[in-house]
Colleague: 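Take a look at this one; I'll ask things after.
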Amino acid sequence: MSSTFEVTVGTLVWLDGSMWTVHEISIGSVVVAQQRRLRRVATAALAAAFAELGVEYSPEDTDSVPLSLSRLTSAKTNELKLIERDLLEIIDSGESSTTTQLERIRIVAEREGVSTRTIMRRLADYRESGLVGLVDSTSTRKYVSSIDPRWDQACLKVLSELIYESTPTKKSVFGRIRNVLDTQYGPETVECPSRSAAHRRLDELAKGRQAFGQGKARRSIAERPQGMYGRLRAQYPGEYVLLDSTPLDVFALEEGTGRWVSG
């Protein structure tokens, strides 16, 4: 059965395990681009790449086959290739083998340590959509926390209040979070996560804040500019002065007190 694939300038294509964009189309070949890299590919090779995926490409499909595969890590892509190899073993040996398809499925399932139902589901998905049918939804979906977002908001509020206070303990932070939630929503209205989940979530929200580190570093991080650093273009020499306030490992004797002071 032949398939027709529509390729235009700007089309995303999946070649050799990475994403490319069609840059130029000429007779017998196509130029694809990846950032600043250009590569000329024969039209037959491009068609073979689409045919390997086992589905037709639709420019109107916002979640197209190449885009779905591009979201995967190299380790996940290699894992899909191994699964595809097992499925092709079941399909290709159908005519020459004396065993039934169910027996071949059972053999592969035992070898991979999964159930026969899993192999049958993978086989059905592969027959319908090709390699992209093997992409598990858990591989591309975004992480969704099971913790109440109101707990996250209270945690961020407490961390902001502690910037100019003494370095707290995690136990005291959890207590303040509980007080904020009880005050705002009522006692025991918002369910708090388990101890282990709360510690993990607190570490995630406090990352980059030095919430439990040195107070000086915590205040410095909070007071730094929120936007991106820009460029200063001097109009004349000496318009801007760069001051390096890094303390030096140099000491001197103060005449009046006789103390050693850092330079």
Side-chain angles (χ1 to χ4, degrees), residues 1-8 10-22 25 28-34 39-146 196-197 200:
M1 181 180 64
S2 61
S3 300
T4 301
F5 307 100
E6 181 179 352
V7 178
T8 59
T11 297
L12 298 175
V13 295
W14 183 262
L15 291 173
D16 299 334
S18 60
M19 177 67 66
W20 297 77
T21 304
V22 175
I25 300 176
S29 64
V30 175
V31 177
V32 294
Q34 187 183 71
R39 173 183 174 185
R40 183 173 295 276
V41 182
T43 305
L46 189 66
F50 277 106
E52 182 181 359
L53 296 173
V55 294
E56 296 185 7
Y57 173 78
S58 175
E60 292 78 14
D61 187 3
T62 57
D63 191 21
S64 61
V65 172
L67 192 57
S68 298
L69 293 175
S70 66
R71 297 170 181 164
L72 303 179
T73 62
S74 58
K76 188 63 179 179
T77 303
N78 293 334
E79 181 182 343
L80 291 184
K81 289 291 186 180
L82 294 177
I83 295 176
E84 182 186 33
R85 183 196 62 185
D86 294 335
L87 298 179
L88 290 176
E89 177 184 334
I90 298 174
I91 298 173
D92 295 341
S93 60
E95 299 179 357
S96 58
S97 177
T98 58
T99 59
T100 63
Q101 185 181 71
L102 184 59
E103 291 174 342
R104 294 193 299 274
I105 290 176
R106 187 179 297 108
I107 293 173
V108 172
E110 292 178 354
R111 185 177 63 203
E112 299 300 324
V114 296
S115 64
T116 56
R117 180 173 297 182
T118 299
I119 299 298
M120 293 175 68
R121 185 182 68 250
R122 291 175 179 175
L123 187 61
D125 293 339
Y126 185 75
R127 290 183 183 276
E128 179 180 356
S129 304
L131 184 61
V132 73
L134 303 178
V135 179
D136 188 358
S137 60
T138 58
S139 303
T140 56
R141 68 186 180 191
K142 294 183 179 180
Y143 169 74
V144 179
S145 174
S146 59
S196 58
R200 288 195 301 268

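Sequence positions, counted from 1, serve as the residue numbers for this chain.
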Colleague: Below 3.5 Å, can you tabulate the donor-acceptor pairs from side chains in residues 117-124 to any protein atom, sequence neighbours excluded?
Modeller:
from: Thr118; atom 1: OG1; to: Ser115; atom 2: OG; distance (Å): 2.9

Colleague: Identify the residue among Ile83, Leu88, Leu82, Leu87 that makes a side chain to side chain contact (heavy atoms under 4.5 Å, CB included) with Arg85.
Modeller: Leu82

Colleague: With sequence neighbours left out, write down each residue that passes side-chain contact (heavy atoms from CB on, under 4.5 Å) with Arg106, or none if nothing qualifies.
Modeller: Leu102, Glu103, Glu110, Thr116

Colleague: With side-chain contact (heavy atoms from CB on, under 4.5 Å) as the test, would you mind laying out the steps for Glu89 and Arg111 before giving the verdict?
Modeller: CA-CA 13 Å; Glu89 177 184 334; Arg111 185 177 63 203; 3.1 Å; yes

Colleague: Quick one: are Arg39 and Val31 in side-chain contact, heavy atoms under 4.5 Å?
Modeller: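 A side-chain contact is absent here, since even the closest heavy-atom pair is not under 4.5 Å.
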
Colleague: Donor-acceptor check, side chain of Arg104 to backbone of Ile90, threshold 3.5 angstrom: yes or no?
Modeller: yes

